[in-house]
> 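Next up is a structure, given as structure tokens.
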There are 2 protein chains.
Amino acid sequence: MNETTDGAGVELADHASFLLSQLGAHAAQRFAERLQPLGLDPKQFGVLTQLAKSDGQSQQQLADAMRLHRNVMVGLIDELEGGGFVQRRRHPSDRRAHAVHLTETAWELLPPAREALDALDTELIGGLAVEEQRHLTRLLRNLTDAAGLAPGVHPNLP
Amino acid sequence: MNETTDGAGVELADHASFLLSQLGAHAAQRFAERLQPLGLDPKQFGVLTQLAKSDGQSQQQLADAMRLHRNVMVGLIDELEGGGFVQRRRHPSDRRAHAVHLTETAWELLPPAREALDALDTELIGGLAVEEQRHLTRLLRNLTDAAGLAPGVHPNLP
DNA sequence: TATTGTTATACTCTATAACTATA
DNA sequence: TATAGTTATAGAGTATAACAATA
């Protein structure tokens, strides 16, 4: 038996699962690199996008939305508050909770952050024809839905 | 200014980069779960597939191939040797190095491991028409190549 | 001098539990 | 009794440096 020719090996690069995982890890890493000049890491950016959808959420609400434990959110908000991106204010109806609000700085950071994401799309799939880019994006969206992944939610970020 | 309607937000689920990262992390996690009954984690499986391609490599060669530091490989080979999947033998030409060899147990594990990967492909993209599955796989392979990712190499696995 | 395997150390992440103040 | 925020601690994972044996 010859281990190099008997076909017992596994051709990882022919499997969609492996390619997705490989390309996904690369995308996450490149996104982190593109976010870095803005002073953000991916998790912090996730909090900001959540607050952009609905400002003033409690830390528990943010943790639920991002599928993180509330203990992790404490540190995230600490970092974001230290960086001047969010403020902890008194919650209007629950004295246990904080209402987390975006600062002007954070609001101004969202457009360049979106541009970073657009640029990354171009970097990764810009080689395709425009209609093929749209087709792939729609296809990927269908696959995430079929896999039961919540839209815009991404645990396990670097 | 109303933060819920002014469009400052970022629609993550519309960006191919985000979808790739989200789906890729999911694929990696599900693959780890499918590998677990075989007594392997993804990194250990990576070593096994490398050795299946060429048995008897040194730890340094394996580390280079997998883009890991040789220090990490020590622990990986320790685990695999403890599980009875590989043996450290005397290297035929370099007395500093070990020749790492697959055991019979490991050879017998490769077919079910490949089946696990096939099953995961079906789980993730089985909802597509067969020709569309092939088209997507080819497309993803082209994207990994364009991104400069080495075929079959995947650092940062869980 | 450089390389292979190894060990030790520090640093980051994550998961869990426990505490406080409120509900 | 349960929940929001916080803190502390332990575990996994990773990165770096150093060492002995050999090239």
Side-chain angles (χ1 to χ4, degrees), chain A residues 21 25-26 28-29 31-33 35-36 40-47 50-51 54 56-82 86-101 153-158, chain B residues 21 25 28-29 31-33 35-36 40-47 50-51 54 56-83 86-101 153-158:
Chain A
S21 177
H26 177 68
Q29 186 185 337
F31 184 51
E33 289 167 8
L35 231 36
Q36 197 168 356
L40 292 173
D41 69 29
K43 280 204 184 105
Q44 295 169 344
F45 170 72
V47 175
Q50 270 299 323
L51 290 173
S54 173
Q57 294 182 68
S58 71
Q59 297 180 190
Q60 180 67 64
Q61 285 175 313
L62 290 168
D64 288 344
M66 295 180 64
R67 306 289 204 273
L68 300 173
H69 197 275
R70 66 185 193 278
N71 300 6
V72 179
M73 192 55 62
V74 175
L76 271 174
I77 302 298
D78 282 350
E79 295 165 7
L80 287 168
E81 196 167 38
V86 305
Q87 281 184 341
R88 280 189 247 236
R89 302 189 193 154
R90 299 181 51 181
H91 195 283
S93 62
D94 188 338
R95 295 179 56 185
R96 297 171 302 179
H98 293 145
V100 184
H101 285 265
V153 176
H154 189 327
N156 313 337
L157 272 182
Chain B
S21 177
Q29 186 186 336
F31 185 50
E33 288 167 8
L35 232 35
Q36 196 167 357
L40 293 172
D41 70 28
K43 280 205 183 105
Q44 295 169 345
F45 171 73
V47 175
Q50 271 299 323
L51 290 173
S54 173
Q57 294 182 68
S58 71
Q59 297 180 190
Q60 180 67 64
Q61 284 176 313
L62 290 168
D64 287 344
M66 295 180 64
R67 306 288 203 276
L68 300 174
H69 197 274
R70 66 185 193 280
N71 299 7
V72 179
M73 192 54 63
V74 175
L76 270 174
I77 302 298
D78 282 350
E79 295 166 6
L80 287 169
E81 196 167 37
V86 305
Q87 280 185 341
R88 279 188 247 235
R89 302 189 194 155
R90 300 181 49 182
H91 195 283
S93 62
D94 188 338
R95 296 179 55 186
R96 296 171 302 180
H98 293 146
V100 184
H101 285 264
V153 176
H154 188 328
N156 314 336
L157 272 183

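Everything numeric in this text was worked out from a predicted model, so none of it was measured. Per chain, numbering begins at 1; letters A, B, ... match sequence-line order.
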> Suppose we screen for salt bridge (Lys or Arg N to Asp or Glu O under 4.0 Å). Which residues come up paired with A:D94, at least two apart in sequence or across chains?
A:R96
> For B:H154, which residues count as a ring-ring contact (aromatic ring centres under 6.0 Å, His included) partner, sequence neighbours excluded?
A:F18
> If I take atom CZ in residue B:R88 and atom P in nucleotide C:dG5, what distance separates them, rounded to the nearest angstrom?
9 Å
> To the nearest Å, how far apart are A:R67 CZ and C:dA15 C1'?
18 Å
> State, with a plain yes or no, whether a side-chain heavy atom of B:E81 is found less than 4.5 Å away from one of B:V86.
yes
> Nearest heavy-atom pair of A:L51 and A:Q57: which atoms, and what distance?
CD2-N, 4.1 Å
> How long is the line joining CG of B:L62 and C1' of C:dT4, in whole Å?
13 Å
> Using only side-chain N and O atoms of A:Q59, determine if any of them is under 4.0 Å from OP1 or OP2 of D:dT6.
yes
> What does nucleotides 14-21 of chain D look like as a protein-contact string, B for base, S for sugar-phosphate only, - for none, at under 4.0 angstrom between heavy atoms?
S-BBB--B
> With heavy atoms under 4.0 Å as the rule, sort A:H98 into base, sugar-phosphate or nothing.
sugar-phosphate
> How many whole angstroms separate atom CZ of A:R89 from atom P of D:dG5?
16 Å
> State which residues pass side-chain contact (heavy atoms from CB on, under 4.5 Å) with A:D64; sequence neighbours excluded, sorted by chain then number.
A:Q60
> Within this structure, what is the CD-to-P distance between B:E79 and C:dG5, rounded to whole angstrom?
17 Å
> Taking CG from A:L80 and P from D:dG5, how many angstroms apart are they, rounded to a whole number?
15 Å
> Not counting sequence neighbours, which residues clear salt bridge (Lys or Arg N to Asp or Glu O under 4.0 Å) with A:E79? List them please.
none
> Partners of B:Q50 by side chain to side chain donor-acceptor pair (under 3.5 Å), sequence neighbours excluded?
none
> Without decimals, in angstroms, what is the distance between A:L68 CG and D:dA4 P?
15 Å
> Can you tell me which nucleotide in D:dG5, C:dT4, C:dT7 comes closest to the side chain of B:D94?
C:dT4
> For B:R90 and C:dG5, what is the distance between atoms CZ and P respectively, to the nearest whole Å?
15 Å
